[in-house]
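The shown structure was predicted, so the numbers you read here are calculated from the model rather than taken from an experiment. Chain letters run A, B, ... following the sequence lines, proteins first, then strands; residues in each count from 1.
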Amino acid sequence: MQHKIESTESNTIIITYSDHQTGTCKAGLTAQQAIAQYDAKLAKRMVAARVAGQVVDVHTPLTENAQVIPVMPNEADGLEILRHSCAHLMAQAISQLFPGTRLAIGPVIDNGFYYDVDCGEQVIKEEDLPRIEKCMRKLVAKQIPIERQLISRRQALDLFRGKDEHYKVEIIDQIEDDAPLVLYQQGEFIDLCRGPHVPHTGHLRAFKLQRLSGAYWRGDSDKVMLQRVYGTAWADKGALQDYLDKLEQAKVRDHRGLAKKMDLFHLQGEAPGMVFWHPNGWKLYQLILQYMRRCIVDSGYEEVNTPQLVDVSLWKRSGHIDKFSENMFFVDQTNENRRYAIKPMNCPCHVQLFNQKLRSHRDLPLRLAEFGSCHRYEPSGTLHGLLRVRNFVQDDGHIFCTEEQIQQEVSDFLDLLQRIYKNFGFQKIIYRLSTRPEERIGLEESWDKAELALQTVLDNKGIAWELCEGEGAFYGPKIEFSLQDCLDRIWQCGTIQVDFCMAKRFDAYYIAKDGSKCPPVILHRAVLGTFERFIGILIEETAGLLPFWLAPVQVAVLTVSEKHHSYAEKLQEDLKKLDIRVKLDLRDHKIGYKIREHSVLRVPYLLIVGQKEVDTMQVSVRTQAGDHLGIMSIEGFLAHVKSCL
RNA sequence: GCUGGCGUAGCUCAGUUGGCAGAGCAGCUGAUUUGUAAUCAGUCGGUCGUAGGUUCGAAUCCUAUCGCCAGCUCCA
């Protein structure tokens, strides 16, 4: 189907190229033809055109004077089009190989694309992916033209109903706009799509299907589950290979593998989602905890500790039983005929602490902190190493304050958080504001106030943030502070949540200036989030090469032979006295063997001790990265370490 | 929880069509006394995740179950 060519007053229009040269052409010429006048090679390789700033298909006819720039496959817009077309190509191949397949959606994602399909009884297996790829390549070789068509809503509905494509029908039904719908056709394959697309399948040269998974139709777990096929696509084979190599490299940073190598922790089936910390891992954990303890004390918090098992009556009152019980563990103590909940959060207990005294406005803000062990029953399919567990400790805290104090407290918290993340070496923090969810407690006007307060602080600090509508906690909106793992998956770590509800539920109040009783606002906040997740991310961020201050073992002393043992032992004692975490390796192995082993364990510094060092009372220093720092005195080594901190 | 895949020695992994459970590393023993990412030899080690079933015979086929992996839903 051809585009309708609008008549123009003059038959000739002026086009401007990317280098600001101008030319003329007949109205109705396509963007590609216009580019071809200027550079035929470019026109052949272009995947789309930017006409007057709008990205459109190459076949789009030009109707008025405009700048016309080719969109090439290696630029961002071009790649996106390429990937989108690749999703269609894959859907075409799947439709051929799995007759009766119904298509849902096939969008572009970071680095690639996916398509959700419903093959009825047929199951796409991992081993089918090469088959689908092969079919795709055949379609590529045919250079099938990809044609755009405009179609009325009625025609579209008839078409897709006729094909029994009920997902497409549902999508069309939900498009409110009365404008004509856009179809793209390549060979026998037709899909509803906004486009633009590459002009023919021959442009899709570098792609790979990656994995399969299930995905609910419209992301709703009550709806049918579709089969999702993921793929990646690039401008050329080199870029594709670079990306695949990068993925392999990233997997080396996976904290689960590194934890094994570094002997940090393990998980086992009898305690799903709960961590067995090994000595090295627990050292790291404690170092971070002690650091956080110093930070919060310096920031005006008081540390407390509260029970892990609390009678369900308290959780009924807090609202957790209503809104959160699916995520809670319970303990039935039958000989007492009592039911306890294992705490999923510390907040209700902190309110109990607040309530133990009559509080004055002069006591506010009251900042309570707790490194309390919490348990949450997370669905089994969501558990993921340290990044998603069922038993965790947060660097949790609750600030009891007045409404007027919210902004200052949130602002101070953000400063603290940014300082701490920087100290751990994180550059990229993702800020998200999550607003009221459907399941919630509290008054609408309280939510209005709380959401506004958080947004104001973010804006005042000039922070770029995303809005996550409906994703707040049941008791209040929150700012989430997220970090990314080795595969760029986003994990929420820190958070600050405004809560106007919890205090009222527990009749918590303070005496205001005018003598009246007022419920305090409670700010729930955590900088790291959970130690578990934070450590997982930290390991991936550093690829296990922890900064010196966090290395479980900071220095290993390795002897060349038995003759050097007593000197090495003395060295160990001296370093211990200086609070350096040191390990001595006197085993009967060659020095290369010992170096390899401690390098794998990611020990930052290896001190090699042989005859030369014994004679001169020095050490030979090697870094984990394999750099030789030469032979130096202990003092010289310590000075070097200090200079690197 | 859902979909798909996987589960074999401490670790990383082979194991063909159903036919005696394997390798490398680690461990242990011995030799070796070593100079910057794996010294040599010998040796130990497994109810093949668990429970049923089919079969003359199951790591292999079937069913259930637990766990893990990827994604979905959910979430720090």
Side-chain angles (χ1 to χ4, degrees), chain A residues 109 114 116 123-128 210-230 254 256-257 260-261 263 266-273 324 326-327 344-345 374 376-390 392-396 434 437 471 473 478 480-483 487 489 491-495 497 524 526 528-534 536-537 558-565 587-601 606-613 620-629 631:
Chain A
I109 51 174
Y114 67 77
D116 284 348
V123 177
I124 303 177
K125 296 254 168 88
E126 202 94 21
E127 58 259 34
D128 293 323
Q210 292 170 292
R211 57 177 177 267
L212 288 161
S213 77
Y216 297 109
W217 168 233
R218 296 196 166 262
D220 183 341
S221 57
D222 291 331
K223 293 205 161 83
V224 64
M225 181 159 276
L226 306 165
Q227 299 188 71
R228 177 172 295 179
V229 188
Y230 286 90
D254 188 311
R256 292 163 300 187
K260 242 174 211 167
K261 282 191 183 140
D263 196 14
H266 81 270
L267 295 157
Q268 64 183 59
E270 290 85 347
F324 204 70
E326 279 182 6
N327 289 288
M345 300 176 190
C374 293
R376 290 184 196 170
Y377 179 78
E378 301 290 349
S380 59
T382 65
L383 301 178
H384 184 95
L386 287 182
L387 301 185
R388 190 83 186 274
V389 292
R390 285 179 173 166
F392 53 80
V393 175
Q394 290 165 294
D395 63 317
D396 197 14
S434 295
E471 292 185 18
K478 60 182 177 180
E480 293 175 15
F481 308 93
S482 299
L483 299 172
L487 293 175
R489 291 171 294 207
W491 298 89
Q492 182 191 323
C493 292
T495 180
Q497 316 183 348
H524 306 244
L528 307 183
T530 70
F531 287 94
E532 286 76 8
R533 178 175 289 179
F534 190 80
I537 295 276
L558 315 180
T559 52
V560 171
S561 89
E562 221 172 332
K563 294 172 222 152
H564 318 118
H565 283 189
R587 292 174 308 167
D588 174 21
H589 280 298
K590 291 184 104 164
I591 195 68
Y593 182 92
K594 298 189 192 184
I595 287 167
R596 181 184 150 75
E597 189 166 291
H598 290 95
S599 297
V600 168
L601 278 166
L606 307 182
L607 303 187
I608 287 127
V609 171
Q611 199 53 47
K612 267 182 277 177
E613 290 75 18
S620 175
V621 182
R622 183 194 161 106
T623 67
Q624 197 281 337
D627 297 326
H628 298 254
L629 302 185
I631 297 180

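One can place CE of A:Met225 at 14 Å from P of B:G5, the figure rounded to the nearest angstrom. Across the protein-nucleic acid pair, A:Arg596 atom CZ and B:A38 atom P stand 7 Å apart, rounded to whole Å. In this structure, the CG atom of A:Leu226 is 13 Å from the P atom of B:G4, given to the nearest Å. Nucleotide B:U73 holds its C1' atom 17 Å from the CD atom of A:Gln227, rounded to whole Å. Summarising the geometry, the separation between CG on A:Asp222 and C1' on B:G1 is reported as 11 Å, rounded to the nearest angstrom. Rounded to an integer number of Å, the gap from CD of A:Glu326 to P of B:C2 is 14 Å. Rounded to whole angstrom, the span from the CG atom of A:Leu558 across to the C1' atom of B:A38 amounts to 14 Å. Distance, A:Arg533 CZ to B:C74 P: 15 Å, rounded to whole Å.
Between A:His524 and A:Met345, every side-chain heavy-atom pair lies at or beyond the 4.5 Å cut-off. Under the 4.5 Å side-chain criterion, counting only non-hydrogen atoms from C-beta, A:Pro344 is not in contact with A:Asn327. Within the 4.5 Å cutoff, side-chain heavy atoms of A:Ile109 are placed close to those of A:Tyr230. For the pair A:Arg390 and A:Tyr377, the minimum side-chain heavy-atom distance is below 4.5 Å. The shortest side-chain heavy-atom distance between A:Val393 and A:Thr530 does not fall under the 4.5 Å cut-off. When side chains are defined from C-beta on, A:Glu597 does not count as touching A:Lys594, because their heavy atoms never get closer than 4.5 Å.
Enclosure of atom CD in A:Glu127 by more than 12 non-hydrogen atoms of other residues, nucleotides or ligands within 6.0 angstrom is indicated.
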Identify all pairs in which a protein N or O lies below 3.5 Å from an N or O of nucleotides 11-18 of chain B, and state each distance.
| from | atom 1 | to | atom 2 | distance (Å) |
| --- | --- | --- | --- | --- |
| B:U12 | OP1 | A:Lys260 | NZ | 3.1 |

Each nucleotide N or O in nucleotides 64-69 of chain B that has a protein N or O under 3.5 Å away: list the pair and distance.
| from | atom 1 | to | atom 2 | distance (Å) |
| --- | --- | --- | --- | --- |
| B:C69 | OP1 | A:Arg256 | NH1 | 3.0 |
| B:C69 | O3' | A:Arg256 | NH1 | 3.4 |

Please write out the pairs of protein N or O atoms and N or O atoms of nucleotides 25-27 of chain B separated by less than 3.5 Å, giving the distance to one decimal.
| from | atom 1 | to | atom 2 | distance (Å) |
| --- | --- | --- | --- | --- |
| B:A26 | OP1 | A:Tyr593 | OH | 3.1 |

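Residue contacts shown for A:Glu127 are absent, as no nucleic acid heavy atom lies under 4.0 Å away. Here A:Arg211 lies in heavy-atom contact (under 4.0 Å) with sugar-phosphate atoms only. Within 4.0 Å of A:Glu471, counting heavy atoms only, lies no atom of the nucleic acid at all. Nucleic acid contact for A:Gly610: base, since at least one base atom lies under 4.0 Å from a heavy atom of the residue.
For A:Ile591, whose side chain is taken as the heavy atoms from C-beta onward, the closest listed nucleotide among B:G1, B:G4, B:U36 is B:U36. Side-chain atoms of A:Thr382 lie closest to B:G1 of the nucleotides B:G1, B:G71, B:A37.
In terms of polar N and O atoms assigned as donor or acceptor, the side chain of A:Tyr216 never comes within less than 3.5 Å of the base of B:G71 in a complementary pairing. Between the side chain of A:Ser620 and the base of B:U36, at least one donor-acceptor pair of N or O atoms lies under 3.5 Å. A donor N or O paired with an acceptor N or O is found under 3.5 Å between the base of B:G35 and the side-chain atoms of A:Glu613.
A:Glu378 places no side-chain N or O within 3.5 Å of a backbone atom of A:Arg388 that could act as its donor or acceptor partner. Here the side chain of A:His266 pairs no donor or acceptor atom with the backbone of A:Lys260 at under 3.5 angstrom. Judged by distance alone, with hydrogens and angles left aside, the side-chain atoms of A:Gln624 form a donor-acceptor pair with the main-chain N or O of A:Ser599 at under 3.5 Å.
The heavy-atom pair separating A:Val389 from A:Gly273 by the smallest distance is CB-O, 3.1 Å.
For A:Arg622, the salt bridge (Lys or Arg N to Asp or Glu O under 4.0 Å) criterion is met by no residue, not counting sequence neighbours. A search for side chain to side chain donor-acceptor pair (under 3.5 Å) contacts involving A:His598 returns nothing, not counting sequence neighbours.
Salt-bridge annotation for A:Asp220 and A:Arg218: absent, with no side-chain N of the basic residue lying under 4.0 Å from a carboxylate O of the acidic one.
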Quiz item: Can you give the dot-bracket line for RNA chain B, where a pair is Watson-Crick or G-U wobble with both atom distances under 3.5 Å, crossing pairs use [ ], and | marks a partner on another strand?
Solution: (((((((..((((.....[..)))).(((((.......))))).....(((((..]....))))))))))))....
